[in-house]
Engineer: 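One structure is given below, represented as structure tokens, and several questions about it will come after.
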Amino acid sequence: MIVASTLTSNLAILVLAGFIGFVVISKVPNTLHTPLMSGTNAIHGIVLLGGLLLLALPEIAPFKLDALSEALLVIAIAFGTINIVGGFLVTDRMLEMFKSRPAPRARERGSEGDEE
Amino acid sequence: MTAPPPATFLQAPAFIDVLYIVAFSLFIQGLRGLSGPRTAVRGNRIAAVGMAIAVVATLLHPGEHRWGLIALGIALGVAVGVPAARQVKMTAMPQMVALFNGVGGGAVALISWVEFRRLGSTYGGLTVVSPGGISLHAALPTYIAIFSVFAAIVGSISFWGSNIAFGKLQEVIPGRPISFGAGQMAVNLVLGVLTLAAGIDLVAGAHSELVFIGMLVCAALLGNALVLPIGGADMPVVISLLNAFTGLSAAATGVALDNPALIVAGMIVGASGSILTNLMAQAMNRSIPAIVAGGFGGGGAVAGAEGAGEHAGTVRSTSAADAAIQLAYASHVVIVPGYGMAVAQAQHAVRELAGELEERGVDVKYAIHPVAGRMPGHMNVLLAEADVPYDQLEEMDDINPEFPRTDVSLVIGANDVTNPAAKNTPSSPIYGMPILEVDQSRSVIVIKRSMNPGFAGIENELYYDPKTAMLFGDAKSAVAEIVTELDSL
């Protein structure tokens with residue numbers, strides 16, 4: 001149920017989340033900025049939830065979904081899923097490649113570069 | 001809205017809310033993992049688990065789920081998203097991010113549209129009085145319409161803007177700025193005003209779906225008009241900015257739908273996008289308003305490529321054999337990779353060269369400019385793909401003091417980020433841009449195809465420096481040649 005206080009508490013969440021976001025993201029080093037971008041990109045795919053919620057609403061007279069609405073929601077859910085699944089997968093692919101110096105299994109050549 | 005009573009505790013609103021709180025905590029915890037390469041993989045997975053929990057929580061909501069449609073949407077998304085993410089080349093990462101960002105924005109806009117269709121006459125409602133004389137705004141507060149309209153506008157701009165950015169980076173459409181020239185600002189302004197007017201009309205209680213569609217179309221045109229005039233070089237900044245936009249629009253949707261997970265996730269993305277946009281703009285010496293107003297060569301205010309070949313100095317060219325000798329007898333070598341190296345797919349050859357030199361006792365480091373490649377941190381990903389250990393990569397601020405002690409700087413496919421004009425020539429368009437101070441090292445070898453100027457269309461003074469030797473050729477074959485020469489030494 002939507003009451004006036006929901007707005008204020010939601011706005012509080014909004015503002016606090018913004019601050020937390022700034023603090024957390026500021027700690028990410030340049031090295032990881034590309035995965036960060038694709039990772040956070042995946043996170044905003046969470047709008048998918050909006051589509052899921054709307055497709056679960058009871059069919060009550062004034063709030064009924066017509067065929068066009070349903071089609072739009074299917075597209076929205078597909079878009080959101082692409083955003084989430086693609087984003088997390090591609091980020092994982094990138095991060096998996098980051099290896100530190102004593103490379104456990106240098107692929108092509110011998111074990112050069114482990115003098116440190 | 002009357003939902004059927006929960007069947008089990010799993011459907012209790014409190015339980016679902018707790019799941020949302022768990023979900024956004026996992027997002028934050030996951031992003032904290034991104035503070036270092038060692039914890040990053042796990043961090044990303046933690047965030048993904050959070051997302052799965054958020055989705056499950058939403059599906060638990062009591063209601064009449066259209067399971068078939070939900071499954072269809074998810075299946076379509078998986079069918080497109082998984083192969084795309086699996087197959088994309090690391091060099092094409094900026095495009096991929098643009099595309100994923102675009103669909104996210106598109107989802108926001110579509111959801112807002114359905115919200116409008118569904119709520120019909122209860123949408124907005126500042127002045128709405130139903131025929132019976134009963135005011136409806138008690139049923140649906142105005143703020144919901146405001147957030148929903150905001151989400152629709154920003155989502156639509158983001159969708160179209162991202163698609164244009166994708167097209168430019170993928171070179172489906174020309175990377176050069178496309179604009180109406182002087183009239184561009186006027187066009188943007190008119191589109192902006194129209195979008196806003198339609199939005200206000202809707203919030204004030206216009207129940208015409210035509211107005212809503214008109215608003216979406218104006219926002220779409222605005223997205224096109226904003227991004228088309230921006231040059232390919234500035235595209236990463238645009239993507240990051242649009243990423244922030246999509247995040248904010250998701251947060252707005254969250255407020256409209258009263259969903260805390262959406263609000264938190266959206267705001268975190270908004271914060272991340274803003275930070276990255278700012279950082280990139282700084283590293284490229286560009287202000288965000290200037291980028292949005294039109295890229296290099298867009299307004300004619302910036303000096304173009306006319307300087308090529310008119311430079312007073314002479315260029316010294318070298319051979320792979322000489323370069324190999326120079327490198328083999330150095331004690332400190334810094335490799336400066338640029339996007340040109342990635343385009344030539346020379347990463348593996350470069351790593352081989354570095355390995356060869358290290359076996360000879362040469363200390364090898366890589367100097368990474370914050371915007372090396374096509375987006376921040378892109379070069380790190382490209383080198384990681386070629387198995388270069390990340391702790392061998394030095395960030396700009398760490399490596400710059402080391403250049404005076406460096407015997408040979410090997411510049412491979414990097415241009416503007418090494419241009420001393422950024423420090424020495426106040427009239428240069430890149431003056432003030434932070435650069436890798438390659439010119440401070442004892443000698444420089446530049447591997448480059450030709451003397452053509454770089455992305456920004458600016459002559460690089462470094463090439464005329466007496467201690468610079470140019471090795472002309474394709475990055476991959478040139479590096480391979482050096483390796484061969486090293487072997488025969």
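We use all heavy atoms of the structure for the numbers below, so side chains are in, but hydrogens, waters and symmetry mates are not.
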Engineer: Considering only heavy atoms and a distance below 4.5 Å, find which of B:Asn259, B:Leu31, B:Val255 pairs most often with chain A.
Structural biologist: B:Leu31
Engineer: Test of understanding: with side-chain contact (heavy atoms from CB on, under 4.5 Å), list the residues that count as partners of A:Leu73, not counting sequence neighbours.
Structural biologist: A:Leu54, A:Leu55, A:Leu65, B:Ile111, B:Val114
Engineer: By a 4.5 Å heavy-atom criterion (distance strictly below it), what part of B:Met51 contacts chain A: side chain, backbone, both, or neither?
Structural biologist: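 Contact with chain A involves the side chain of B:Met51 alone.
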Engineer: If the threshold is 4.0 Å, N to carboxylate O, is there a salt bridge linking B:Arg45 and A:Glu96?
Structural biologist: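 Result for this pair is yes, salt bridge flagged.
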Engineer: Using non-hydrogen atoms and a 4.5 Å limit, figure out which bit of B:Pro83 sits close to chain A: side chain, backbone, both or neither.
Structural biologist: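 No part of B:Pro83 comes within 4.5 Å of chain A.
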Engineer: For B:Ser249, is it the side chain, the backbone, both, or neither that has a heavy atom closer than 4.5 Å to a heavy atom of chain A?
Structural biologist: neither
Engineer: Looking at CZ of B:Arg42 and CG of A:Asp92, how far apart are the two atoms once the value is rounded to the nearest 0.5 Å?
Structural biologist: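 Here the interatomic distance stands at 13.5 Å.
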Engineer: What residue, out of B:Val97, B:Leu72, B:Ile268, B:Leu76, has the most heavy-atom pairs lying under 4.5 Å from chain A?
Structural biologist: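 It is B:Val97.
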Engineer: So for B:Ile368, is it side chain, backbone, both, or neither that comes closer than 4.5 Å to the heavy atoms of chain A?
Structural biologist: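 Contact with chain A: none, neither part.
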Engineer: Side chain, backbone, both or neither: which part of B:Ala75 has an atom under 4.5 Å from a heavy atom of chain A?
Structural biologist: neither
Engineer: Between B:Leu383 and chain A, with a heavy-atom cut-off of 4.5 Å, which part of the residue counts as in contact: side chain, backbone, both or neither?
Structural biologist: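 Interface part for B:Leu383: neither.
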Engineer: Flag the one option from A:Leu52, A:Ile13, A:Val85 with the top tally of heavy-atom pairs under 4.5 Å to chain B.
Structural biologist: A:Leu52
Engineer: Could you tell me which residues satisfy salt bridge (charged side-chain N to carboxylate O under 4.0 Å, His left out) with A:Arg93, sequence neighbours excluded, listed by chain and number?
Structural biologist: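 Testing A:Arg93 for salt bridge (charged side-chain N to carboxylate O under 4.0 Å, His left out), a comparison that skips the adjacent residues, returns none.
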Engineer: Provide the closest heavy-atom pair for A:Ile82 versus B:Gly77 in the form atom of the first, atom of the second, distance.
Structural biologist: CG1-O, 3.5 Å
Engineer: Examine whether an atom of B:Glu395 lies under 4.5 Å from a heavy atom of chain A, and if so say whether it belongs to the side chain, the backbone or both; otherwise answer neither.
Structural biologist: side chain
Engineer: Chain A heavy atoms under 4.5 Å from B:Glu394: which part of the residue, side chain, backbone, both or neither?
Structural biologist: neither
Engineer: Check whether B:Phe24 gets within reach of chain A through its side chain, its backbone, both or neither, counting any heavy atom under 4.5 Å.
Structural biologist: neither
Engineer: With a 4.5 angstrom heavy-atom cut-off, which part of B:Met379 approaches chain A: side chain, backbone, both or neither?
Structural biologist: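 For B:Met379, no heavy atom lies under 4.5 Å from chain A.
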